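Following: one structure in structure tokens, then a few remarks.
Please read these numbers as outputs of a predicted model, since none were measured by experiment.
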Amino acid sequence: MQPAYIHFTLLAVSITMLMAQLTVRNKHNAHILFAIFCASVSMVALQKLSSNSLGPYQYLIGMGACATCNCIWLLSRTLFREKNPIGLIHFAVAFTIAALIMIQQGYLFATHQWALDAPWMSIFSHMMREATILLSSCILVLSFWEAMRGFEQAKRQDKQQRILFMITFGSAVLASKSAKGVFADNPEMLTVTISVITLCVLASLQYLLYWRFHRAVNADTVLLHQAQNSKPTIPDDEMRLAGQIQSLLVDQTYFLQANLKVADIARELEVPEYKISKVLRNQLQAKNFNQFINTLRVEHAKGMLADPDKQHWSVLVIGLECGFASVGPFTRAFKAYTGTTPNQYRQHSLPAQHCA
């Protein structure tokens, strides 16, 4: 296989996937991060293709290839963390790695363009390279850990998505590290192998985004039960909106967010608030938005209260984890839905769990 062909393929695929993210109507942070990753991969491919013709200027293109492993880390946090997935500290770490990569590429451009050969420059370059390798290695481990974190508590579909990410990511890292040893004396074959691995990662991540945010999934929760009892004749637009609400609230666990309002759902789905309320009443058989959300939260709380591993958690902590603002509203909603208080439910459930 000629290196140029695989680099052209990688460039075309990465740009195509980048453009595909622009067509997503209801964009999430994961789509934006994946688009940045695709753009960075395209810069990697373009640098390889232009190395012979542009000479030192290829390193200026290489500066754009600064959002690879660091962007994957942010993407993994966005995919698998429910609350506050990305903060300033995470952006700072990702930016630090990007800056180190850009500095190294700038150093290579300067030394090749102007034939600089000061002793301190080689020491500086070595320090930058070692720091980049160290931080990148830590980021690779953290990316894999994000998929493992909370795996046991995840729902069935979420577990499948986490497994896909771990297999893809783990295989890519293992294959690339092995290729560097096998093809140490054949740099052309090494670049071809790395490009093929990158293509597989792109395809897998694109499918994961589609699966997580666009693919219709049947939820085995109270939402599905309510939807099945809805009116026999349902307009197509209401059917689609009901599915989007189910996906947003259940599959993406938006119902766990504190102070959630119907306006937040309307803004996320880019539809008027009255349409959300109408679908909740007509298709999902809910009296109002708050009652609907509390039903989901109480169902989630029942599982946590019956979990022996969480018996040391206070009722307040469980209520907060389920999206309630304080223990009072949690207790009232729980008793209205189940007929018992959270403490009473825990006392009846935990012995049954231990006996099993």
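- Of the residues Ser50, Ser195, Ser51, the one that meets the side-chain contact (heavy atoms from CB on, under 4.5 Å) test with His7 is Ser195.
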Please lay out, stage by stage, how Phe109 and Trp114 fare under the test ring pair (Phe, Tyr, Trp, His ring centres under 6.0 Å).
CA-CA 8 Å; Phe109 171 76; Trp114 296 298; 5.6 Å; yes

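- With Phe324 as the aromatic partner, Arg297 meets the cation-pi criteria of under 6.0 angstrom to the ring centre and within 45 degrees of the ring axis.
- In this structure the side chain of Leu205 reaches within 4.5 angstrom of the side chain of Ile72, judged on heavy atoms.
- Proximity of the aromatic rings of Trp145 and Phe151 is defined here by a centroid distance below 6.0 angstrom, and this criterion is not met.
- At a threshold of 4.5 Å between non-hydrogen side-chain atoms, the residues Ile293 and Tyr254 do not count as touching.
- At least one donor-acceptor pair under 3.5 Å links the side chain of Thr96 to the backbone N or O of Ala92.
- Nearest approach of Tyr337 to Glu299, heavy atoms of both residues: OH-OE2, 2.7 Å.
- For the pair His126 and Glu130, the minimum side-chain heavy-atom distance is below 4.5 Å.
- A donor-acceptor contact shorter than 3.5 Å is absent between the side chain of Ser247 and the backbone of Gln244.
- Of all heavy-atom pairs spanning Pro342 and Val315, the tightest one is CB-CG1, 3.8 Å.
- Linking ILVMFWY residues whenever their side-chain heavy atoms come closer than 4.5 Å, directly or via other members, leaves Val201 and Ile36 in distinct clusters.
- Side-chain contact between Leu209 and Gln21 is present, with at least one heavy-atom pair separated by less than 4.5 Å.
- Remark: the backbone N or O of Thr168 is not paired with any side-chain donor or acceptor of Ser171 at under 3.5 angstrom.
- Tyr59 is not connected to Val44 by any chain of hydrophobic side-chain contacts under 4.5 Å among Ile, Leu, Val, Met, Phe, Trp and Tyr, and they are in different clusters.
- Between Ile194 atom CD1 and Lys180 atom NZ the span is 6.0 Å, to the nearest 0.5 Å.
- Residue Lys278 qualifies as open at atom NZ: its count of foreign heavy atoms under 6.0 Å is 12 or below.
- Here the side chains of Leu260 and Ile265 are in contact, with some heavy-atom distance below 4.5 Å.
- The line from OG1 of Thr341 to CZ of Phe330 is 9.5 Å long, rounded to the nearest 0.5 Å.
- Although no hydrogens or angles enter the test, the distance criterion places no donor-acceptor pair under 3.5 Å between the side chain of Lys275 and the main chain of Pro272.
- Contact between Leu18 and Ala39 at its shortest, heavy atoms only, is CD2-CB, 4.2 Å.
- No salt bridge links Lys261 with Asp264; every basic N to acidic carboxylate O contact stays at or beyond 4.0 Å.
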Decide yes or no on side-chain contact (heavy atoms from CB on, under 4.5 Å) for Thr340 and Phe334, but give the supporting numbers first.
CA-CA 7 Å; Thr340 63; Phe334 195 93; 4.0 Å; yes

Full working for ring pair (Phe, Tyr, Trp, His ring centres under 6.0 Å) between Phe95 and Phe91
CA-CA 6 Å; Phe95 180 78; Phe91 281 117; over 10 Å; no

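- Using a 4.5 Å heavy-atom cutoff, the side chains of Leu79 and Gln161 are not in contact.
- When atom types are taken as modelled, the side chain of Gln252 and the backbone of Leu249 share no donor-acceptor pair closer than 3.5 angstrom.
- In this structure a side-chain-to-backbone donor-acceptor pair under 3.5 Å is missing from Gln347 to Gln344.
- Looking only at distances, no side-chain donor or acceptor of Arg81 sits under 3.5 Å from a matching main-chain atom of Ile86.
- Ring geometry, Phe165 versus Phe169: the interplanar angle falls under 30°, so the pair is classed parallel (tilted spans 30 to 60°).
- Put simply, the side chain of Thr193 gets close to the backbone of Met189: a donor and an acceptor are under 3.5 Å apart.
- Under the 4.5 Å side-chain criterion, counting only non-hydrogen atoms from C-beta, Met102 is not in contact with Gln105.
- Using cut-offs of 30° and 60° for the angle between ring planes, the His31 and Phe213 rings count as tilted.
- Here the side chain of Lys310 pairs no donor or acceptor atom with the backbone of Leu305 at under 3.5 angstrom.
- To the nearest 0.5 Å, the span separating CG on Leu142 from OG on Ser137 amounts to 11.0 Å.
- Between Arg212 and His28 there is no side-chain heavy-atom pair separated by less than 4.5 Å.
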